[in-house]
Amino acid sequence: MLSLNFIRENTQEVIDRLSIKNFNGVEIIARIVELDNQRRETQKKLDDSQSQSNILAKEIGTLFQAGKIAEANRLKETTGELKAQAKEFDLALENIKIELEEILIRVPNLPHASVPLGKTPEDNIIVAAEGEAKPAAASSVPHWDLATRYDIIDFNTGNKITGAGFPLYKGKGARLQRALINFFLEEALKAGYTEVQPPYLVNAASAYATGQLPDKDAQMYHAGLDDLYLIPTAEVPVTNIYRDTILKSQDLPVKNVAYSACFRREAGSYGKDVRGLNRLHQFDKVEIVQISHPDQSYKILEEMRNHVTGLLRKLELPFRALKLCGGDMSFTSALTYDMEVWSSAQARWLEVSSVSNFESFQSNRLKLRFKDETGKMQTAHTLNGSALALPRIMAALLENNQTKDGIRIPGVLVPYAGFEEIN
RNA sequence: GGAGAGAUGGCAGAGUGGUCGAUUGCGGCGGUCUUGAAAACCGUUGACCUGCAAGGGUCCGGGGGUUCGAAUCCCUCUCUCUCCGCCA
């Protein structure tokens, strides 16, 4: 969430920048400022009345000790009034705070100055492209048919065990998954990330802190008996490592990488988008997370995008990078790059990574701060990116590397997979 | 799942109704001494809200209560530890 101070001091700028995300903030921001003024006034009244109570309580204590019982009892009568008054202010303050919080969490993050205007994915800007996005050849087979032909992914059995969107990987399919996970983790280690293995279920406080709650709760599986959520991405548990934390400036940047399974309900998806591996309820992903000094976060965002670019190059996949327009960005992000690989048999781009800078939006909710060089408390910036999500990489590898004899495995994966071809 | 014990500042650990935001030790920071360092000694060292400031207010796991006054008493929730049971 945005900080109250920033909203107060930059009211018009906040409204203007929100409009780039196609969010009309005129009324909501005005209400926030109004509530914050009320909060300050009420807080002052409460403080004053408590201050008086404290003084009286001390006096009474002294009187009792001095044996002046009658005088003490007289003072006691005045405190009753003060107490009732304080209770009233306290209640009013509580209500103001609740309303303020409820409104504040519904305001999206401000987009970075470089975010392009736009409403739909068509308005995203291509900032890089490599490799040849060939049109589908007549002989090209989509990955869902290749999966069956070579018996490496069994969608029907996954259907039987659980339901649609939960495929069963078999034989070289399963081994290729494992190879990809290890390849991605090793590359991240080489880039200086520290590997962590997080829980796959999180509590509501964690889901709230990274922004999945309250606005995206329909996208998460919920274990109702224990009130826990299955993670939609490792971003949630990994970023929450640093919830309610004060880091030292020399700890920054924090670089973590985690492999996890991810679970998404994907309510409302249909058609060719969900065919085969294109969109699953359970999938594997290696996620990189960084916590940075505010001055460094955009430099680090580029570093993270370069890391993902390097992975796609090594996998020999045609790809492009998009800078998302205001309308296509997530609620929490200030700047997002999407990375897409070309799927030759489907003749379409598939999103395999999303790299974002959240600036202090998550940190404000997380209460993630650090002491800077001068000992001053500052809010840190958080960033994350997929490096990478497996299913669509798998889809592109199968489709782009198919020959009449089998599927060629990129050289970089062979040591991890232990085979050169699926046939 | 059953029984018991506990939760205090970065950490360890006192405090069981009034002057306690909290003794002390360790750690951190600054200084003296030293060519430098160690040791020793001295000083300093939490967060949040509010205010130009002085100051005021809140916080001893969370929430509620008793009291003029709560870290301290009561209720409740959460978590941790020990023992038993079950188990990868």
Side-chain angles (χ1 to χ4, degrees), chain A residues 1-9 32-105 197-209 213 223-229 237 240-252 254 261 291 360 363-380:
Chain A
M1 62 185 167
L2 301 176
S3 89
L4 273 172
N5 280 338
F6 189 84
I7 294 175
R8 286 179 71 85
E9 284 160 25
I32 286 171
V33 173
E34 185 190 334
L35 280 169
D36 190 44
N37 285 333
Q38 284 179 25
R39 179 184 66 92
R40 282 167 199 239
E41 279 168 32
T42 313
Q43 176 85 59
K44 180 93 181 82
K45 287 182 193 161
L46 175 65
D47 285 358
D48 287 347
S49 118
Q50 277 179 323
S51 175
Q52 285 184 50
S53 298
N54 287 344
I55 292 165
L56 277 179
K58 263 180 198 161
E59 275 178 38
I60 292 167
T62 324
L63 288 173
F64 270 125
Q65 272 166 357
K68 299 177 181 168
I69 312 291
E71 229 172 302
N73 282 330
R74 212 170 312 129
L75 277 182
K76 268 191 183 184
E77 283 164 30
T78 18
T79 56
E81 204 177 309
L82 275 173
K83 217 176 143 183
Q85 211 181 42
K87 193 139 200 164
E88 222 170 274
F89 292 141
D90 194 34
L91 198 69
L93 186 64
E94 202 47 47
N95 286 332
I96 292 167
K97 278 183 174 172
I98 288 169
E99 191 183 345
L100 192 54
E101 178 84 357
E102 272 174 6
I103 295 178
L104 207 52
I105 58 174
Q197 233 180 54
Y200 286 5
L201 283 90
V202 295
N203 54 33
S206 292
Y208 172 83
L213 289 179
L225 201 56
D226 296 293
D227 194 21
L228 296 172
Y229 295 86
N240 269 282
I241 295 171
Y242 305 97
R243 173 152 52 89
D244 293 319
T245 297
I246 300 172
L247 297 167
K248 297 185 188 112
S249 66
Q250 64 263 31
D251 296 334
L252 302 178
V254 171
I291 294 161
S360 55
S363 294
N364 280 330
R365 286 199 194 185
L366 287 159
K367 293 200 184 74
L368 163 55
R369 291 161 298 167
F370 71 99
K371 271 205 169 117
D372 68 16
E373 306 72 24
T374 64
K376 227 185 90 197
M377 206 63 88
Q378 285 201 50
T379 310

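The analysis underlying the following values was restricted to heavy atoms, covering all of them including side chains, and did not include hydrogens, waters or symmetry mates. Per chain, numbering begins at 1; letters A, B, ... match sequence-line order.
A:Lys87 comes within contact range of the sugar-phosphate backbone alone, with a heavy-atom separation under 4.0 Å but no base atom that close. No engagement by A:Lys248 is indicated, since no non-hydrogen atom pair under 4.0 Å with the nucleic acid exists. At a threshold of 4.0 angstrom between heavy atoms, the contacts of A:Asp48 with the nucleic acid are absent.
Here B:rG65 presents its P atom at 10 Å from CG of A:Asp90, a figure rounded to the nearest Å. Regarding A:Glu94, its CD atom lies at a distance of 15 Å from the P atom of B:rU58, rounded to whole Å. As a whole-Å value, the separation of A:Asn5 CG from B:rG51 P is 9 Å. For the pair A:Gln250 CD and B:rC29 P, the interatomic distance rounds to 9 Å; values are reported in whole Å. The separation between A:Ile60 atom CD1 and B:rA70 atom P is 12 Å, rounded to whole Å. Remark: P of B:rG18 and CG of A:Leu75 are 20 Å apart, rounded to the nearest angstrom. Rounded to an integer number of Å, the gap from CG of A:Asp251 to P of B:rG10 is 15 Å. For A:Glu59 and B:rU19, the CD to P distance is 15 Å, given to the nearest whole Å.
The side chain of A:Ser51 sits closest to B:rG57 out of B:rG57, B:rG18, B:rA47. Minimum atom distance to the side chain of A:Arg369 is reached by B:rA47, of the listed B:rA47, B:rC68, B:rU58. Comparing B:rC48, B:rC49, B:rC68 by their closest approach to the side chain of A:Gln43 singles out B:rC49. Of the candidates B:rC48, B:rG18, B:rU50, the closest approach to any side-chain atom of A:Lys44 belongs to B:rU50. Here B:rU50 is the nucleotide among B:rG56, B:rU50, B:rG69 with the atom lying nearest to any side-chain atom of A:Arg40.
Between the side chains of A:Glu41 and A:Asn37, no donor-acceptor pair is found at a separation under 3.5 Å. Side-chain contact of A:Ser51 with A:Asp48: a donor-acceptor pair under 3.5 Å is absent, judged by distance alone.
For the side chain to side chain contact (heavy atoms under 4.5 Å, CB included) test with A:Arg369, the passing option among A:Thr245, A:Ile246, A:Asp244 is A:Ile246; the others fail.
Only the P atoms considered, B:rG4 is 33 Å distant from B:rG10, to the nearest whole Å. Taking atom C1' on both B:rU67 and B:rC87, the two are 50 Å apart, rounded to the nearest angstrom. When the C1' atom is compared between B:rG9 and B:rC20, the two are found 13 Å apart, to the nearest whole Å. Nucleotides B:rC81 and B:rC33, compared at atom C1', are 47 Å apart to the nearest Å. Here the separation of B:rG15 from B:rU72, taken at their P atoms, is 15 Å to the nearest Å. Between the P atoms of B:rC11 and B:rU16, the separation comes to 23 Å (whole Å). Taking atom C1' in both B:rA70 and B:rG17, one finds a spacing of 7 Å when rounded to whole Å. Taking atom P in both B:rC77 and B:rG2, one finds a spacing of 13 Å when rounded to whole Å.
In this structure, A:Asp36 pairs ionically with A:Arg39, as a charged nitrogen and a carboxylate oxygen lie closer than 4.0 Å.
Applying the 4.0 Å criterion to OP1 and OP2 of B:rG18, one finds that A:Asn54 has every side-chain N and O outside that range. At B:rU50, one or more side-chain N or O atoms of A:Arg39 fall inside 4.0 Å of OP1 or OP2 (strictly under the cut-off). The shortest distance between the side-chain N/O atoms of A:Lys371 and the OP1/OP2 oxygens of B:rA47 is below 4.0 Å.
Between A:Ile60 and A:Thr79 there is a side-chain heavy-atom pair separated by less than 4.5 Å. Between A:Asn203 and A:Ser206, the closest side-chain pair of non-hydrogen atoms falls below 4.5 Å.
You won't find any donor-acceptor pair under 3.5 Å spanning the side chain of A:Asp47 and the base of B:rG57, going by distance alone.
With a cut-off of 3.5 Å on both pairing distances, the Watson-Crick and G-U wobble pairs of RNA chain B assemble into stems of 3 or more at B:1-7 with B:78-84, B:10-12 with B:24-26, B:27-32 with B:40-45, B:46-50 with B:55-59, B:61-65 with B:73-77.
With hydrogens and angles disregarded, no donor-acceptor distance shorter than 3.5 Å links the side chain of A:Ser360 to the backbone of A:Ser363. Looking at A:Asn95, its side chain never comes within 3.5 Å of a backbone N or O of A:Ala92 through a donor-acceptor pair.
Residue pairs satisfying the salt bridge (Lys or Arg N to Asp or Glu O under 4.0 Å) criterion with at least one member in residues 81-105 of chain A, sequence neighbours excluded, are listed as follows: A:Arg31-A:Glu99.
Judged by closest nucleotide on RNA chain B, A:Asp36 is the one of A:Asp36 and A:Gln50 placed further toward the 5' end. Comparing A:Arg8 and A:Gln52 against RNA chain B, the residue whose closest nucleotide sits nearer the 5' end is A:Arg8.
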